[in-house]
Amino acid sequence: MDDFPPLSLHVPEPEVRPGGTPDFSNVPIPRAGSVPRPPVDVDPRDIRDLAFSIIRVLNREGEAVGPWSGLLCDEELLEGLRHMMTLRAFDARMLMAQRQGKTSFYMQHMGEEAVSCAFRKALEPGDMNFPTYRQAGLLIAGGYPMVDMMNQIFSNEADPLKGRQLPIMYSSKEHGFFSISGNLGTQFVQAVGWAMASAISNDTRIAAGWIGDGSTAESDFHAALVFASTYRAPVVLNIVNNQWAISTFQGIARGGSGTFAARGLGFGIPALRVDGNDYLAVYAVARWAVERARRNLGPTLIEYVTYRVGAHSTSDDPSAYRPKDESEAWPLGDPVIRLKNHLVRRGAWSEERHRQAEAEVMDSVIAAQKEAEKHGTLHSGGKPSVRDMFEGVYAEMPPHLRRQRHQAGV
Amino acid sequence: MPRMTMIEAIRSAIDIAMERDRRVVVFGEDVGYFGGVFRCTAGLQQKYGRTRCFDTPISELGIVGTAIGMAAYGLKPCVEVQFADYVYPAYDQIVSEAARIRYRSNGQFTCPIVIRMPSGGGIFGGQTHSQSPEALFTHVCGLKVVVPSNPRDAKGLLIAAIDDPDPVIFFEPKRLYNGPFDGHHERPVTPWSRHPLGEVDAGHFTVPLGKAEVRRKGDSVTVLAYGTMVYVAEAAAEETGIDAEIIDLRTLLPLDLDCIVESVRKTGRCVVVHEATLTSGFGAELAALVQEHCFYHLEAPVGRVTGWDTPYPHAQEWDYFPGPARVGEALVRAMEA
């Protein structure tokens with residue numbers, strides 16, 4: 001025993017910190033089109049390598065290549081581009097609104113627009129998402145009115161959630177968007193439960209759970225995978241790996257497992273990694289997983305490899321923990337520009353039309369904002385009533401709450 | 001009228017709820033094929049099939065988390081946590097999720113689930129099979145908390161809980177499963193078959209949530225109790241000869257304050273008893289409410305008799321359990337004040 005040196009603790013560190021030169025040379029990026037597309041009823045044991053690769057469709061020249069390409073027509077792609085541009089313009093306006101004091105808090109999607117926008121396109125009406133706080137593309141691409149989103153952000157008199165929730169914690173049952181908790185990871189296992197309920201009821205609808213790289217460390221993630229695996233729940237389990245959990249790099253949650261997708265392998269759940277900045281790849285993989293769920297073949301785990309270009313939230317300053325220009329070095333590029341370039345290459349789009357569209361999209365966001373602000377913003381104009389604060393804790397207000405409401409004088 | 005143990009009454013309630021409403025699903029550890037370690041779900045999988053009554057992995061978080069998702073879908077899950085002592089892995093799902101989904105979604109999504117769990121000591125279960133964690137749930141707005149004390153109430157309250165549109169934590173004092181245990185561990189318990197509250201209607205009926213019941217009429221002192229402590233209080237009243245009025249709270253949240261206030265204003269004295277630990281226990285809330293609403297009627301300080309502020313011990317079970325002698329002393333103190 002004397003031969004053993006003292007133990008020491010391993011604490012992972014990212015490659016580069018502020019002041020250093022961003023370096024993603026350790027992130028292997030497979031060639032677009034190089035990863036095979038298995039049939040949806042594949043034995044998960046036969047596609048273990050898909051948990052360690054990255055499925056990509058758009059190559060550096062803007063061409064769609066390989067077995068995962070060819071699913072969307074020009075019009076669908078143009079619509080997808082517009083969704084992503086809308087989300088980006090929406091974020092820009094709401095960030096500004098937060099700085100102007102019109103709301104207390106905001107979270108943007110910069111760099112991650114393709115993930116939620118393209119995934120939404122693979123779903124059918126009636127399917128249910130259990131999202132985190134960075135999937136507003138599900139709402140935008142699902143046709144939820146921007147005015148309602150802004151009313152929620154401004155906590156104004158028209159807020160569909162009556163001022164009870166932190167800004168951006170939307171909820172819309174009608175649009176297949178479960179109430180965002182704000183507690184991390186909890187919704188992942190609820191998505192599995194919703195999917196089990198659909199199967200119990202012999203329904204045809206499926207669920208999608210969402211979680212970030214950091215929150216996969218929560219027990220809820222593990223429980224979700226156990227239950228999804230055991231009952232073969234018709235659910236798509238999405239991990240958005242945007243490299244950063246506030247200031248903590250993804251290596252802290254990932255540990256020694258190689259990839260987040262690889263976590264699915266021990267559960268016998270097919271696990272795929274996809275280029276999260278590639279609209280076509282996200283859509284293709286989402287459609288594959290959705291079809292598996294719909295055919296009662298069970299769950300799929302998808303890791304979207306992407307990068308959080310912006311701050312975690314308006315309360316965060318990433319320059320304190322990562323190089324300022326790290327996002328420019330990110331090897332998977334920008335999702336909006338990549339889809340735009342592809343459409344230009346297809347002859348379905350041009351730089352000129354793109355500039356026009358940017359202006360149109362911004363106009364529509366500004367018009368929605370004007371409409372929303374008529375109903376008030378956080379500190380001015382119409383507000384939800386104080387009486388509303390006491391409503392909805394229970395279906396029927398119990399006596400002690402009635403007494404407290406009376407005491408509050410409302 | 002048929003006679004039932006509390007276990008049979010609970011099983012009958014679930015059976016009737018499943019029969020009446022296809023949305024009711026039942027699951028938990030050992031709940032399906034085997035019918036639960038206390039047998040509360042015996043025969044239900046055979047009757048309703050594996051997709052409506054099934055076994056789960058050992059994950060209270062998973063049981064409650066999936067139940068919440070199912071409720072969001074539109075089912076009405078009635079799940080079992082094998083012992084209340086095991087509920088903590090699900091605590092975040094209950095507190096941050098189940099309790100708040102209606103509120104935070106402005107009613108778009110609701111959470112009509114029932115989480116059943118055996119609680120309380122008296123079976124030599126040690127610290128991991130004896131706890132009474134009700135106060136951890138009565139502190140949470142959005143939940144309802146129920147503790148039945150007899151087969152009739154257990155059935156009626158459980159059917160009402162399953163019908164309820166909001167999440168209900170349903171504690172089953174396990175020492176009462178087979179009879180009205182009064183703390184006299186040295187003598188056998190009367191089986192429910194020989195107790196009037198063991199007579200249970202075989203059909204559908206409900207006992208409303210939020211309503212207490214006076215178990216023993218009296219004029220001298222009000223005892224606020226629930227679960228096993230109802231019978232301990234009865235024994236203490238008989239043994240001291242003090243004319244106590246014993247209120248079985250049945251639902252802790254929302255609480256039947258009117259019933260409590262009416263009684264304490266009549267007797268002018270109040271003793272609160274529970275098996276859970278003292279500090280920040282539900283008794284603290286009861287004592288605060290009594291002084292707030294009955295201060296000018298009180299002739300004595302509000303007394304509390306509870307488990308000690310220690311983990312539930314094994315060998316010292318009967319030194320820990322607040323039995324009839326300790327409750328009796330508190331009644332005498334209240335009368336002598």
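Each chain gets a letter, A, B and so on, in the order the sequences are listed, and its residues count up from 1.
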On a heavy-atom basis, the closest approach of Y394(A) and V140(B) is OH-O, 4.3 Å
Options S171(A), A199(A), P399(A), A223(A), ranked by heavy-atom pairs under 4.5 Å with chain B, top entry | S171(A)
Measure the CZ-CE distance between F109(B) and M128(A) for me, rounded to the nearest 0.5 Å.
-> 4.0 Å
Please lay out, stage by stage, how I200(A) and F54(B) fare under the test side-chain contact (heavy atoms from CB on, under 4.5 Å).
-> CA-CA 11 Å; I200(A) 289 168; F54(B) 54 89; 4.3 Å; yes
Measure M389(A) against the heavy atoms of chain B and call it side chain, backbone, both or neither at under 4.5 Å.
-> both
More than 12 non-hydrogen atoms from neighbouring residues, nucleotides or ligands closer than 6.0 Å to CZ on R403(A), yes or no?
-> yes
If you count heavy-atom pairs under 4.5 Å with chain B, which of A191(A), S198(A), G182(A), P160(A) comes out on top?
-> S198(A)
What part of V25(B) gets closer than 4.5 Å to chain A, counting heavy atoms only: side chain, backbone, both or neither?
-> side chain
Neighbour count >12 (heavy atoms, 6.0 Å) for atom NE2, H204(B) = yes
How far does CE of M196(A) sit from OG1 of T51(B), to the nearest 0.5 angstrom?
-> 10.0 Å
Of all the heavy-atom pairs spanning M70(B) and G193(A), show the shortest one and how long it is.
-> CG-O, 3.1 Å
Verify side-chain contact (heavy atoms from CB on, under 4.5 Å) between R104(B) and L161(A), making sure each step is shown before the conclusion.
-> CA-CA 7 Å; R104(B) 74 181 202 220; L161(A) 307 182; over 6 Å; no
Distance-only polar pair, side chains of Q108(B) and E174(A), donor-acceptor under 3.5 Å | no
Output the option from I68(B), I101(B), L61(B), T110(B) having the highest count of non-hydrogen pairs under 4.5 Å with chain A.
-> L61(B)
Which one, L289(B), D164(B), L143(B), leads in non-hydrogen pairs under 4.5 Å with chain A?
-> L143(B)
Check whether more than 12 heavy atoms from other residues, nucleotides or ligands sit under 6.0 Å from atom CZ of F205(B), and answer yes or no.
-> yes
Which atoms form the tightest heavy-atom contact between D166(B) and A395(A), and what is the distance?
-> OD2-N, 2.7 Å
Does CD in E396(A) sit with more than 12 non-hydrogen atoms of other residues, nucleotides or ligands closer than 6.0 Å?
-> no
Heavy atoms of other groups near E157(A) CD, more than 12 under 6.0 Å = yes
Are there more than 12 heavy atoms of other residues, nucleotides or ligands under 6.0 Å from atom NE2 of H312(A)?
-> yes
Contact class of I180(A) relative to chain B, heavy atoms under 4.5 angstrom | backbone
Does a side chain donor of either Q93(B) or T186(A) reach within less than 3.5 Å of an acceptor in the other side chain?
-> no
dist I63(B):CD1 -> F227(A):CZ (nearest 0.5 Å) comes out at 5.5 Å
Specify which of R164(A), Q187(A), H400(A), M169(A) makes the most heavy-atom pairs with chain B at under 4.5 Å.
-> R164(A)
Supply the atom-to-atom distance R205(A) CZ to Y73(B) OH, rounded to the nearest 0.5 angstrom.
-> 4.5 Å
Measure distances from P165(B) to the heavy atoms of chain A and classify the residue's part below 4.5 Å as side chain, backbone, both or neither.
-> side chain
Any idea which heavy atoms bring V189(A) and G65(B) closest together, and the distance?
-> CG1-CA, 3.8 Å
Output for pair (D388(A) CG, N106(B) CG), nearest 0.5 Å, gives 7.5 Å
Identify which of A233(A), S181(A), P398(A), S172(A) forms the greatest number of heavy-atom pairs closer than 4.5 Å to chain B.
-> S181(A)
Between A207(A), S201(A), A195(A), which has the largest tally of heavy atom pairs under 4.5 Å with chain B?
-> S201(A)
Under 4.5 Å from any heavy atom of chain A - which part of A67(B) | neither
Among R52(B), R102(B), R100(B), which has the most heavy-atom pairs under 4.5 Å with chain A?
-> R102(B)
Check each atom of Y231(A) against the heavy atoms of chain B and say whether the ones under 4.5 Å are side chain, backbone, both or neither.
-> side chain
Do other residues, nucleotides or ligands put more than 12 heavy atoms under 6.0 Å from R232(A) CZ?
-> no
What's the shortest heavy-atom distance between G142(B) and V393(A), and which atoms?
-> N-CG1, 3.6 Å
Hey, is NZ on K211(B) packed in by over 12 heavy atoms from elsewhere, all under 6.0 Å?
-> no
